[in-house]
Engineer: 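Quick one: structure below, then a few questions.
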Amino acid sequence: MKMHVAAIAVSAAAISTLLLSTGPASAHPYDGKDPYKSGCANSKVFTGKKASLENEIGDSLGSIRLYYSRRCGTNWGEAQVPKNATGSITVFTSSRRVSFTYRAGNGGHHWGDMVYAPSGVCAKASGTVAAGTGRVNRGSGTTGAACG
């Protein structure tokens with residue numbers, strides 16, 4: 001009996017390792033693409049989901065908004081931060097996650113890459129911001145979920 005249980009445990013571990021090492025089962029061609037360069041932003045709509053990028057004492061250092069492309073079935077985040085700020089934008093669903101790192105410039109307006117989230121799939125966007133040295137100059141936030 002003990003040998004049978006051990007064989008099942010080893011098989012389950014091998015299957016789990018195989019599934020984790022193969023990556024996403026169905027990556028979409030729009031995943032990780034720029035919404036503006038791809039033309040997907042031409043049909044963008046604001047989902048109504050936004051969040052403040054706040055530091056540890058609750059001061060807002062910027063904001064992040066979640067957008068959706070009707071034509072492409074994708075979501076991405078756009079951040080508005082100080083012109084000298086750096087940070088990241090991540091958009092995710094229950095099965096996909098795409099991150100983008102931005103540098104200072106562009107008037108403080110930055111957008112992340114897309115994740116495919118067709119009708120019925122929920123997505124969120126999160127962002128980080130660093131607008132100087134010290135903890136009070138670093139913030140983060142995550143939007144609520146938008147379900148298409």
Engineer: To the closest 0.5 Å, what do you measure between CG (L66) and NZ (K49)?
Structural biologist: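 It is 9.0 Å, given to the nearest 0.5 Å.
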
Engineer: Is a donor on one side and an acceptor on the other found under 3.5 Å between the side chain of N106 and the backbone of G108?
Structural biologist: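 Looks like no, no N/O pair under 3.5 Å.
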
Engineer: Does R138 come within less than 4.0 Å of E54, counting only side-chain N to carboxylate O?
Structural biologist: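 Between E54 and R138 there is no salt bridge, as every charged N stays at least 4.0 Å from the carboxylate O atoms.
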
Engineer: Give the cluster check for L61 versus Y102: same hydrophobic cluster or not, with ILVMFWY residues linked at side-chain heavy-atom distances below 4.5 Å.
Structural biologist: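 As far as the 4.5 Å side-chain criterion goes, Y102 and L61 are connected within one cluster.
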
Engineer: Give a yes or no on whether the backbone of G39 and the side-chain of R71 come within a donor-acceptor separation of less than 3.5 Å.
Structural biologist: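 Yes, because the side chain of R71 sits within donor-acceptor range (under 3.5 Å) of the backbone of G39.
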
Engineer: Would you say the side-chain atoms of S43 and S69 include a donor-acceptor pair closer than 3.5 Å?
Structural biologist: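 Yes, because at least one side-chain N or O of S43 sits under 3.5 Å from a partner of the opposite role on S69.
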
Engineer: Would you sort out whether S88 and S99 count as a side-chain hydrogen bond (donor to acceptor under 3.5 Å, both in side chains), showing the intermediate values?
Structural biologist: CA-CA 7 Å; S88 66; S99 294; over 6 Å; no

Engineer: Provide the closest heavy-atom pair for A131 versus N84 in the form atom of the first, atom of the second, distance.
Structural biologist: O-ND2, 3.7 Å

Engineer: Please find the pair of heavy atoms, one from D31 and one from R96, that lie closest to each other, and give the distance.
Structural biologist: OD2-NE, 2.9 Å

Engineer: Give a yes or no answer on whether the side chain of T143 reaches the backbone of A125 with a donor-acceptor pair at less than 3.5 Å.
Structural biologist: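 It does hold such a pair.
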
Engineer: Would you say the side-chain atoms of N137 pair up with the backbone N or O of T133, donor to acceptor, closer than 3.5 Å?
Structural biologist: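 Flag set: sc N137 to bb T133 pair under 3.5 Å.
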
Engineer: Pick one: which of N75, V98, T142 meets side chain to side chain contact (heavy atoms under 4.5 Å, CB included) with F92?
Structural biologist: T142

Engineer: Roughly how far apart are K33 NZ and C40 SG, rounded to 0.5 Å?
Structural biologist: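 One finds 10.5 Å between NZ of K33 and SG of C40.
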
Engineer: Ignoring hydrogens and geometry beyond distance, is a side-chain donor-acceptor pair present between H110 and E78 at under 3.5 Å?
Structural biologist: no

Engineer: Taking atom CZ of F100 and atom CD1 of I89, what is their separation to the nearest 0.5 Å?
Structural biologist: 7.0 Å

Engineer: Under a single-linkage rule joining Ile, Leu, Val, Met, Phe, Trp and Tyr whose side-chain heavy atoms are separated by less than 4.5 Å, which residues share a cluster with W111?
Structural biologist: Y30, Y36, F46, Y67, W76, M114

Engineer: State, with a plain yes or no, whether a side-chain heavy atom of V115 is found less than 4.5 Å away from one of R97.
Structural biologist: no

Engineer: I need the minimum non-hydrogen distance between A85 and V129, along with the two atoms involved.
Structural biologist: CB-CG2, 3.6 Å

Engineer: Mind checking the CG-CG spacing from L53 to D59? Nearest 0.5 Å is all I need.
Structural biologist: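 Between L53 CG and D59 CG, I get 12.5 Å after rounding to 0.5 Å.
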
Engineer: Using a strict 4.0 Å threshold on nitrogen-to-oxygen distance, state whether R135 and E56 make a salt bridge.
Structural biologist: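 Answer for the salt bridge query: yes.
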
Engineer: For S63 and S52, test the side chains for any donor-to-acceptor distance below 3.5 angstrom and give the result as yes or no.
Structural biologist: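 S63 vs S52: no donor-acceptor pair found between side chains.
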
Engineer: Nearest 0.5 Å, what's the NZ-CZ distance between K44 and R70?
Structural biologist: 13.0 Å

